[in-house]
Amino acid sequence: MKTILWAAVTANGTYMHGGQSYHWPKEVFEDFDRCAAQAGNCIIGRKTHEEYAGSGGDFGRIDVVVVSRTPRAIPGVKHVTSPREALLHLEERGHVTALVGGGDSLLNAFLAEDLADEVIVNLTPELGGIGNHMALAGTDHKPMNLLGVREIGGQILRVHYALRR
Ligand SMILES: NC(=O)c1ccc[n+]([C@@H]2O[C@H](COP(=O)([O-])OP(=O)(O)OC[C@H]3O[C@@H](n4cnc5c(N)ncnc54)[C@H](OP(=O)(O)O)[C@@H]3O)[C@@H](O)[C@H]2O)c1
């Protein structure tokens, strides 16, 4: 299963959380929707799901998997208790690619378990605060190969990498 981590970050690498004072440009959502439609699925953390569903968001007809240590039954969504279980579920459903949409806790859990193959980063033309990050644990580092880069509108650079194995 090819596993792609998807994120929008500011030009200096801050992984912004949504809230009353921060909103992503529409191009970021469009890129996420394209990636999710292409994969046919997305895996998200419990907090991201609550925020998105709470704001009336709709994932359409893709398979949505929510990761939480406390499984809950929510119609239309598969709850699992770990990143590995999320991938197993999608594999059983016949998917060949999994898209992990965030938040940073979940992205970092996939990185910590060495479950990521590729990373897509939407670099927004902003500076962020110290904030949150998609990151490996401690002082670890991993080289990646550049697969592609393009401007997707709104002065946003979409950069696609493969983690080197
Ligand atoms: N910048 C972006 O591209 C982007 C994209 C998506 C979301 N966001 C933002 O990210 C924020 C949320 O991020 P977050 O990091 O606070 O939360 P999150 O990653 O959305 O959800 C965290 C929750 O996921 C579950 N989880 C995480 N790792 C797990 C593991 N290894 N095993 C089992 N369950 C695990 C836990 O749920 P339980 O507590 O239920 O056990 C944990 O509390 C939102 O405000 C949203 O706006 C940003």
Side-chain angles (χ1 to χ4, degrees), residues 1 3-39 41-60 62-74 77-91 98-138 140 149-150 152-161:
M1 170 78 75
T3 304
I4 304 175
L5 307 188
W6 182 96
V9 301
T10 65
N12 62 323
T14 310
Y15 184 96
M16 298 299 290
H17 282 191
Q20 300 200 324
S21 61
Y22 185 77
H23 301 283
W24 291 274
K26 69 174 175 32
E27 290 84 356
V28 165
F29 287 104
E30 289 166 359
D31 186 62
F32 177 79
D33 287 345
R34 267 193 304 273
C35 292
Q38 213 163 16
N41 63 72
C42 76
I43 302 172
I44 52 175
R46 189 261 307 164
K47 291 183 184 171
T48 293
H49 177 256
E50 282 180 359
E51 185 179 295
Y52 192 65
S55 68
D58 176 15
F59 289 98
I62 63 168
D63 277 340
V64 179
V65 184
V66 175
V67 186
S68 163
R69 291 182 180 85
T70 312
R72 305 157 168 85
I74 297 183
V77 168
K78 173 71 179 176
H79 270 256
V80 297
T81 56
S82 72
R84 278 181 200 281
E85 198 187 334
L87 295 179
L88 197 65
H89 169 72
L90 290 177
E91 222 165 75
L99 185 78
V100 187
D104 46 307
S105 307
L106 186 65
L107 297 174
N108 296 344
F110 273 80
L111 287 172
E113 293 192 43
D114 201 17
L115 294 174
D117 299 300
E118 297 181 7
V119 172
I120 292 173
V121 178
N122 279 248
L123 277 178
T124 59
E126 304 164 291
L127 287 176
I130 292 188
N132 300 292
H133 295 272
M134 170 166 56
L136 300 172
D140 231 0
V149 57
R150 67 173 200 269
I152 59 168
Q155 302 176 51
I156 296 161
L157 281 184
R158 180 190 193 271
V159 194
H160 187 179
Y161 296 99

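In each ligand, atom 1 is the first atom listed, and ligand 1 is the first ligand listed.
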Residues, nucleotides or ligands: over 12 heavy atoms within 6.0 Å of Gln38 CD:
no
Starting from atom 25 (C) of ligand 1, what is the nearest protein heavy atom, named by residue and atom, and what distance separates them?
Val67 O, 3.2 Å
How far is atom 23 (C) of ligand 1 from its nearest protein heavy atom, and which residue and atom is that?
Arg46 N, 3.8 Å
Tell me the closest heavy-atom pair linking Ala98 and Ile43, and the distance in Å.
CB-CD1, 4.0 Å
Against heavy atoms of Gly101, which atoms of ligand 1 measure under 4.0 Å?
5 (C), 6 (C)
Protein contact of atom 44 (C) of ligand 1 - nearest heavy atom, named by residue and atom, plus distance
Glu51 OE1, 3.1 Å
Counting heavy atoms only, which of Asp104, Thr81, Ile44, Ile120 is nearest atom 13 (O) of ligand 1?
Asp104
Evaluate His79 against Val66 for side chain to side chain contact (heavy atoms under 4.5 Å, CB included), listing each step before the verdict.
CA-CA 5 Å; His79 270 256; Val66 175; 3.6 Å; yes
Atoms of ligand 1 close to Ala109 [distance to a heavy atom under 4.0 angstrom, numbered from 1]
28 (N), 31 (N)
So which of Gly103, Ala8, Gly18, Ser68 gets nearest to atom 3 (O) of ligand 1, if we judge by its closest heavy atom?
Ala8
Arg72 side chain to Thr70 backbone, donor-acceptor under 3.5 Å
yes
How close does the nearest protein non-hydrogen atom get to atom 7 (C) of ligand 1, and which residue and atom is it?
Thr48 OG1, 3.3 Å
When you look at Asn108 and His133, which way does the side-chain hydrogen bond (donor to acceptor under 3.5 Å, both in side chains) test go after all the steps?
CA-CA 9 Å; Asn108 296 344; His133 295 272; over 6 Å; no
Search all heavy atoms of Gly131 against all heavy atoms of Thr14 and return the closest pair with its distance.
CA-CG2, 4.1 Å
To check your reading of the model: name the closest protein heavy atom to atom 8 (N) of ligand 1, its residue, and the distance in Å.
Tyr15 OH, 3.7 Å
Residue Glu50 excluded, over 12 heavy atoms near CD under 6.0 Å
yes
for atom 27 (C) of ligand 1, nearest protein heavy atom and its distance come out as Leu106 CD1, 4.1 Å
Atom of Leu115, atom of Arg84 and distance for their closest heavy-atom approach:
CD2-NH1, 3.6 Å
Residue, atom name and distance, where the atom is the protein heavy atom closest to atom 15 (O) of ligand 1
Ser105 OG, 2.5 Å
Check Val65 against Ala86 and note the closest heavy-atom contact, atom names and distance.
CG1-CB, 3.9 Å
I need the minimum non-hydrogen distance between Ala7 and Tyr15, along with the two atoms involved.
CB-CE1, 3.7 Å
Can you tell me which residue and heavy atom of the protein come closest to atom 10 (O) of ligand 1, and the distance to 0.1 Å?
His17 CD2, 3.4 Å
With the threshold set at under 4.0 angstrom, would you say Trp6 reaches ligand 1 through any of its heavy atoms?
yes
Does His79 reach ligand 1, in the sense of a heavy atom lying below 4.0 Å from it?
no
Contact summary for Glu126 and Thr10, nearest pair of heavy atoms
O-CB, 3.3 Å
I want to confirm something. Looking only at heavy atoms, which of Glu113, His49, Met16, Arg69 is nearest to atom 41 (O) of ligand 1?
Arg69
Would you call Tyr52 a ligand 1 contact, heavy-atom distance under 4.0 Å?
no
Decide yes or no on side chain to side chain contact (heavy atoms under 4.5 Å, CB included) for Leu87 and Thr3, but give the supporting numbers first.
CA-CA 8 Å; Leu87 295 179; Thr3 304; 3.5 Å; yes
Name all residues meeting the side chain to side chain contact (heavy atoms under 4.5 Å, CB included) criterion together with Ile62; count only those two or more places apart in sequence or in a different chain, and write none if there are none.
Ala36, Cys42, Phe59, Val64
So, is Lys47 polar-close to ligand 1, with some N/O to N/O distance under 3.5 Å?
yes
Would you mind running through ligand 1 and noting each atom that sits below 4.0 Å from a heavy atom of Ala7?
3 (O)
If we only count N/O pairs under 3.5 Å, is Pro83 in contact with ligand 1?
no
Per-atom contacts, ligand 1 versus Arg72 - under 4.0 Å to a heavy atom:
40 (O)
Determine whether the side chain, the backbone, both or neither of Met134 has a heavy atom under 4.0 Å from any heavy atom of ligand 1.
neither
